[in-house]
Asker: 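Below you will find the structure I want to go over with you.
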Amino acid sequence: MLNALPREGVGGARPQLPSPSLDSHQELRLDFSHVSSALAQGYDRPLLIIDPSIVRAKARRFMAAMPRVRPHYAVKANPHPRVLKTLIGEGAGFEIASIWELDLLLGLGVPVEEIHYSNPVKSRDYIRYARDKGVLWYCVDGVEEMRKIVALQPDAKLYARLEVSNAGSDWPLSGKFGVHAMEVECLLDEAVRIGADLAGITFHVGSQCRNAENWAIGIDLVKKIFHDMRVKGLKPRLLNIGGGYPVRHTKPIPSIEVIGDVVNSALADLPSDIRVMAEPGRYMVSDSGYFVCRIIGKEVRNGKRWMYWDSGLFSGMAEAHEGLQLCIDSDRKGALVPWNVGGPTCDSIDIVYKDLLLPADMEPEDFIYIPNAGAYTTAYASNFNGFPLPEVRFV
């Protein structure tokens with residue numbers, strides 16, 4: 001069920017490699033034969049097909065690449081219970097952003113001490129609920145959030161999220177979250193003043209980060225902050241190197257082994273009493289999935305070709321709308337021409353692509369195949385306009 005040779009589609013031609021560290025290892029992908037088998041069983045709505053054996057393989061590969069780093073899967077990437085059960089079986093911990101995710105994990109028997117609440121901004125009601133369920137570890141990225149948590153749960157263990165370089169990531173995440181370097185000392189001083197157990201530091205290098213050095217830069221910055229924390233009487237015990245580990249779409253990527261070499265070198269002089277964790281989400285599940293949707297109509301408007309899919313911004317394609325370059329495949333072999341692609345809803349914002357190169361002979365009822373789509377497809381989907389959520393099938 002594991003396939004290291006990609007089925008290259010019309011969006012998936014490999015670019016020239018700018019660096020020997022990029023695309024230096026083979027990447028797994030769900031074998032297309034499973035897509036064919038699934039469609040032979042019938043199709044009535046967008047479909048995500050997942051192979052749990054690839055989820056297992058990715059978890060093991062991550063742990064082998066960075067032996068000191070404990071992965072805490074970012075549940076938001078794909079919260080399907082079968083995905084979570086697979087990662088539970090591989091010994092992963094978990095990172096949550098809401099109490100819905102907390103209840104999901106607790107219902108599957110995950111010990112509460114394996115769960116870290118990494119959403120930097122939480123309501124008081126959510127903090128109380130998590131506290132009453134036994135959660136101890138919370139992320140903060142400012143003095144107000146820290147005060148809020150300590151007032152509700154004085155024994156909470158906190159880790160501060162830093163703003164670090166997101167250069168080289170396809171989807172930068174800095175700006176909305178993260179303590180600026182000039183604000184760190186203020187945060188540390190306030191932790192001492194209110195008696196907060198500020199026990200760790202975390203950072204995020206940006207989603208689909210193709211610059212492995214970002215992790216080394218972040219780790220080196222944290223080491224300096226740990227020194228300042230000790231000077232002020234705080235007791236650092238956790239380094240969380242976040243997410244951002246890339247998967248193969250249309251751009252070359254550094255493998256997890258290349259990233260691991262950078263991380264392992266940066267961690268070499270970190271004291272052994274500092275626990276190290278990460279929050280991989282996309283990396284764990286993306287390669288395990290194929291997303292399939294269908295063309296439901298086409299038109300020519302103002303000289304532009306338009307096609308409409310039964311999946312769009314609200315039903316699985318949100319990341320494409322935001323600029324993630326996915327590999328798009330079809331059964332057609334005609335000359336490539338630019339198409340605008342819209343989703344099925346009546347909302348004018350539901351436009352997935354502009355000038356996407358696809359065969360000129362595409363027709364309604366044709367299938368669209370998107371590999372490496374196990375992350376953030378069904379998780380982003382909604383029932384907007386009354387359209388159904390994508391179906392999920394496992395091989």
Asker: Return each pair, listed once, that meets side chain to side chain donor-acceptor pair (under 3.5 Å) where at least one residue sits in residues 60-70; pairs must be two or more places apart or across chains.
Answerer: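 Checked against side chain to side chain donor-acceptor pair (under 3.5 Å) - neighbours excluded - the pairs reaching residues 60-70 are Glu27-Arg61, Arg60-Glu90, Arg61-Glu257, Arg70-Glu114.
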Asker: Within a reach of under 6.0 Å around CD of Glu185, are more than 12 heavy atoms found that belong to other residues, nucleotides or ligands?
Answerer: no
Asker: Is any side-chain heavy atom of Asp350 closer than 4.5 Å to a side-chain heavy atom of Pro344?
Answerer: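 Touching, per the 4.5 Å side-chain cut-off.
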Asker: Can you list everything that forms a ring pair (Phe, Tyr, Trp, His ring centres under 6.0 Å) with Phe314? Sequence neighbours excluded, please.
Answerer: Phe384
Asker: According to the ring pair (Phe, Tyr, Trp, His ring centres under 6.0 Å) rule, which pairs have a member within residues 202-224, sequence neighbours left out?
Answerer: Trp215-Tyr245
Asker: Do any pairs count as a ring pair (Phe, Tyr, Trp, His ring centres under 6.0 Å) and have a residue in residues 73-109, sequence neighbours left out, and if so which ones?
Answerer: His80-Phe394
Asker: Identify whether Ile274 and Val69 are in the same connected component of the hydrophobic contact network (ILVMFWY, side-chain heavy atoms under 4.5 Å).
Answerer: yes
Asker: Below 4.0 angstrom, N of the basic side chain to O of the carboxylate: do Asp189 and Lys232 qualify?
Answerer: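 Yes, this pair counts.
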Asker: Through direct or indirect side-chain contacts below 4.5 angstrom among Ile, Leu, Val, Met, Phe, Trp and Tyr, which residues connect to Leu136?
Answerer: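 Leu136 clusters with Trp137, Tyr159, Leu238, Met277.
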Asker: Do the side chains of Trp339 and Trp306 join up, straight or via other hydrophobic residues, at under 4.5 Å, putting them in one cluster?
Answerer: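 Different clusters.
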Asker: So, does Asn214 use its side chain to make a donor-acceptor pair with the main chain of Ala167 at under 3.5 Å?
Answerer: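 Checked: pair present.
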Asker: In terms of heavy-atom contacts, does CZ of Arg230 have more than 12 from other residues, nucleotides or ligands at under 6.0 Å?
Answerer: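 Enclosed.
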Asker: Please name all residues satisfying side chain to side chain donor-acceptor pair (under 3.5 Å) with Lys133, sequence neighbours left out, ordered by chain then number.
Answerer: none
Asker: Could you give all pairs that pass the salt bridge (charged side-chain N to carboxylate O under 4.0 Å, His left out) test and reach residues 372-395, with sequence neighbours left out?
Answerer: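 Found Glu391-Arg393.
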Asker: Ignoring hydrogens and geometry, is there a side-chain-to-backbone donor-acceptor pair from Ser286 to Asn372 under 3.5 Å?
Answerer: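 Yes: the side chain of Ser286 pairs with the backbone of Asn372.
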Asker: Please tell me if the side chains of Asn340 and Ile351 come closer than 4.5 Å, counting only heavy atoms from C-beta onward.
Answerer: no
Asker: My understanding is that only residues two or more places apart in sequence, or in another chain, count here; which of them pass ring pair (Phe, Tyr, Trp, His ring centres under 6.0 Å) with Phe367?
Answerer: Tyr43
Asker: Give, for atom OG1 of Thr202 and atom CG of Asn240, the distance between the pair rounded to the nearest 0.5 Å.
Answerer: 3.0 Å
Asker: When you measure from the side chain of Ser265 to the backbone of Val262, do you find a donor-acceptor pair of N or O atoms at a distance under 3.5 Å?
Answerer: no
Asker: Tell me whether Asn78 contacts the main-chain N or O of Gly374 through its side chain, where contact means a donor paired with an acceptor under 3.5 Å.
Answerer: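 Yes; at least one donor-acceptor contact below 3.5 Å.
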Asker: With His227, which residues qualify under side chain to side chain donor-acceptor pair (under 3.5 Å), at least two apart?
Answerer: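 Partners of His227 by the side chain to side chain donor-acceptor pair (under 3.5 Å) criterion come out as none, since no residue qualifies.
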Asker: Identify whether the distance between the nearest side-chain nitrogen and carboxylate oxygen of Asp273 and Lys235 falls below 4.0 Å.
Answerer: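 Here Asp273 does not pair with Lys235 in a salt bridge, since their nearest N and O are not under 4.0 Å apart.
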Asker: Do Asp23 and Ile253 make a side-chain contact, defined as non-hydrogen atoms from C-beta onward lying under 4.5 Å apart?
Answerer: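 Side chain of Asp23 against side chain of Ile253, heavy atoms only: contact under 4.5 Å found.
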Asker: Would Arg332 and Glu363 pass as an ion pair if we require N to O under 4.0 Å?
Answerer: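 No salt bridge links Arg332 with Glu363.
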Asker: Counting only heavy atoms not in Ile349, do more than 12 sit closer than 6.0 Å to its CD1 atom?
Answerer: no
Asker: Taking 4.0 angstrom as the limit, do Asp355 and Lys304 come out as a salt bridge?
Answerer: yes
Asker: Does Pro246 reach the side chain of Ile259, with side-chain heavy atoms less than 4.5 Å apart?
Answerer: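 Side chain of Pro246 against side chain of Ile259, heavy atoms only: contact under 4.5 Å found.
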Asker: Strictly by salt bridge (charged side-chain N to carboxylate O under 4.0 Å, His left out), give each pair with a member in residues 284-297 just once, sequence neighbours left out.
Answerer: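 Listed by first then second residue: Lys58-Asp287, Arg294-Glu365.
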Asker: Answer yes when Glu319 and Arg282 have at least one side-chain N-carboxylate O distance shorter than 4.0 Å, and no when they do not.
Answerer: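 A salt bridge links Glu319 with Arg282.
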Asker: Do the side chains of Ser315 and Phe387 get nearer than 4.5 Å, heavy atoms only?
Answerer: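 Contact flag for Phe387/Ser315 side chains = no.
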Asker: Is any side-chain heavy atom of Lys298 closer than 4.5 Å to a side-chain heavy atom of Met362?
Answerer: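 A side-chain contact under 4.5 Å is absent here.
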Asker: Give, for atom CG of Leu187 and atom CG of Asp228, the distance between the pair rounded to the nearest 0.5 Å.
Answerer: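 So the gap between those two atoms works out to 12.0 Å.
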Asker: Is any NZ, NE, NH1 or NH2 atom of the basic residue among Asp361 and Lys333 found under 4.0 Å from an Asp or Glu carboxylate oxygen of the other?
Answerer: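 Salt bridge: no.
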Asker: Decide whether a cation-pi geometry holds between Lys122 and Tyr138; the criteria are a distance under 6.0 Å from NZ or CZ to the six-membered ring centre and an angle within 45° of the ring axis.
Answerer: no
Asker: Pair Asp331, Tyr369 - check side chain to side chain donor-acceptor pair (under 3.5 Å), show working.
Answerer: CA-CA 9 Å; Asp331 295 311; Tyr369 310 111; 2.6 Å; yes
Asker: In terms of ring plane angle, is the pair Tyr290 and Phe32 parallel, tilted or perpendicular, where the classes change at 30° and 60°?
Answerer: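 Tyr290 and Phe32: perpendicular rings.
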Asker: Only counting residues at least two apart or in another chain, list the ones meeting salt bridge (Lys or Arg N to Asp or Glu O under 4.0 Å) with Glu190.
Answerer: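 So Glu190 forms a salt bridge (Lys or Arg N to Asp or Glu O under 4.0 Å) with Arg147, Arg193.
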Asker: Are any of the side-chain heavy atoms of Leu47 and Leu39 separated by less than 4.5 Å?
Answerer: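 The answer is yes; the side chains approach within 4.5 Å.
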Asker: Side-chain contact, heavy-atom cut-off 4.5 Å: Leu239 with Leu267?
Answerer: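 Touching, per the 4.5 Å side-chain cut-off.
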Asker: Using ring pair (Phe, Tyr, Trp, His ring centres under 6.0 Å) as the criterion, list what pairs up with Tyr376, not counting sequence neighbours.
Answerer: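 Listed in chain order: Tyr380.
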